[in-house]
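Throughout, a chain's letter reflects where its sequence line sits, starting with A, and its residues are numbered from 1.
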Number of protein chains: 2
Amino acid sequence: MKSEEETLGLVGDHFRRARLSMGMTQGQVADLAGISRPRYRDIETGAAAARTTTLINIARALGLEMMLVPQVMVPAIEALLRPESEDDQPAFSPQPESDDDSRPYR
Amino acid sequence: MKSEEETLGLVGDHFRRARLSMGMTQGQVADLAGISRPRYRDIETGAAAARTTTLINIARALGLEMMLVPQVMVPAIEALLRPESEDDQPAFSPQPESDDDSRPYR
DNA sequence: GCAAAATGATATGTTTGCAGATCAACTCCA
DNA sequence: TGGAGTTGATCTGCAAACATATCATTTTGC
């Protein structure tokens, strides 16, 4: 099962790749998202879990959108995103391991 | 521009619709997500902004996944989600208003 | 090689998400 | 009618996400 830290790491990695592909600095993203640079750094490195509003602000600063989609639709959405070329960042896809349950990790 | 409270309200409404369509109580979702019922209630009513990990836990308890997708792909994804029938909850689609910028609201 | 920029990291203080407990209001059904 | 279940709401206390400031380290460009 994926730990909490691993999940935050995935989100952070996603943000980092998006930021670098946009040619932006941590400070620029932090400013656009309305948070401090140390805070954004913690989020990007997976050391801290941003609030929902902060998560959305960061995503939008990076040209992304946070979506809540039915789990059964995830593969179709990823298929829609994947072939789109090689330079756009892949969507945050949490578990390739499609086991049954989703008990909270703590 | 969409305020912070409005955005949290959209997320909460999305969770509420998903919960009711699953025939679950607030307490059941809270248990699966690993948080207390008062906390889940605040999140569902938009009174509180959950952390990223809590957001993901709640989504999975409701059969949903949190995804970060390029903004330009949002319409295509919504089109993929929409015609799917009438009983599955629509994805969280933040702005029908497609204005340019995404400055943080506070 | 050197200066500037970007990043990593730490410290103090404030805000707020969180647990746990408790109570009231409302619905529903036997 | 009346009890059980669901939801709304408040309180105390703790943990962690925030700001701001300040350092060192690494990277970048001239």
Q.
Expressed as a whole number of angstroms, how long is the span from L8(B):CG to dG17(C):P?
A. 8 Å
Q | Helix axis bend for the helix from dG1(C)-dC30(D) to dA30(C)-dT1(D) - C1'-based end axes, five pairs, 10° rounding | A | 50°
Q. When you match R51(B) and L20(B) each to their closest nucleotide on DNA chain D, which lands nearer the 5' end?
A. L20(B)
Q | Length of the OH-P vector between Y40(A) and dA9(C), whole Å | A | 15 Å
Q. Considering only side-chain heavy atoms of A50(A), which listed nucleotide, dC18(D), dC18(C), dT7(C), is closest?
A. dC18(D)
Q.
For E4(B), is there any backbone N or O sitting under 3.5 Å from a side-chain donor or acceptor partner on T53(A)?
A. no
Q | Interatomic distance where CD belongs to E44(B) and P belongs to dG17(C) [whole Å] | A | 16 Å
Q) Pick from I58(A), I43(A), L55(A): which one makes a side-chain contact (heavy atoms from CB on, under 4.5 Å) with V11(A)? A) L55(A)
Q: Scan S36(A) against the nucleic acid and name what it touches under 4.0 Å (heavy atoms): base, sugar-phosphate only, or nothing.
A: base
Q. Can you check whether R16(B) has a side-chain N or O nearer than 4.0 Å to OP1 or OP2 of dG8(D)?
A. yes
Q) Does the side chain of I35(B) reach to within under 4.5 Å of the side chain of N57(B), using non-hydrogen atoms? A) no
Q: Could you tell me the separation between the CG atom of D42(A) and the P atom of dC18(D), rounded to a whole number of Å?
A: 9 Å
**Q.** Note, T25(B) side chain near V29(B) side chain (heavy atom, < 4.5 Å)
**A.** no
Q.
Side-chain N or O of R39(A) versus OP1/OP2 of dA21(D): is the shortest distance under 4.0 Å?
A. no
(Q) In whole Å, I'd like the distance from the CD1 atom of I35(A) to the C1' atom of dT15(C). (A) 15 Å
**Q.** Rounded distance in Å - CG (N57(A)) to C1' (dC18(D))
**A.** 13 Å
Q) When you measure from the side chain of A49(B), which nucleotide among dG8(C), dA9(D), dG17(C) comes out closest? A) dG17(C)
Q. OP1 or OP2 of dG8(D) less than 4.0 angstrom from a side-chain nitrogen or oxygen of Q26(B), does that happen here?
A. yes
Q.
So, under a plain 3.5 Å distance rule, would you say the side chain of R37(B) forms a donor-acceptor pair with the base of dG8(D)?
A. yes
Q: Would you confirm whether R19(B), through its side chain, and M24(B), through its main-chain N or O, come within 3.5 Å as a donor-acceptor pair?
A: yes
Q: For T54(B), answer base if it contacts any base atom (sugar-phosphate contacts may also be present), sugar-phosphate if it contacts only those atoms, and nothing otherwise; contact means non-hydrogen atoms under 4.0 Å.
A: sugar-phosphate
Q: Look at D42(A) together with R39(A) and state whether they make a salt bridge at an N to O cut-off of under 4.0 Å.
A: yes
Q: Would you mind reporting whether H14(A) and L62(A) have side-chain heavy atoms less than 4.5 Å apart?
A: no
Q: Report the residues that fulfil side chain to side chain contact (heavy atoms under 4.5 Å, CB included) with R41(A), sequence neighbours left out, ordered by chain and then residue number.
A: Q26(A), T45(A)
Q) The side chain of P38(A) lies closest to which of these nucleotides: dA9(C), dA19(D), dA6(C)? A) dA9(C)
Q.
Rounding to an integer number of Å, can you tell me how far R19(A) CZ sits from dA6(C) P?
A. 10 Å
**Q.** Protein-nucleotide distance (E4(B), atom CD; dA17(D), atom C1'), rounded to Å
**A.** 13 Å
Q | Any R41(A) side-chain N or O less than 4.0 Å from OP1/OP2 of dA9(C) | A | yes
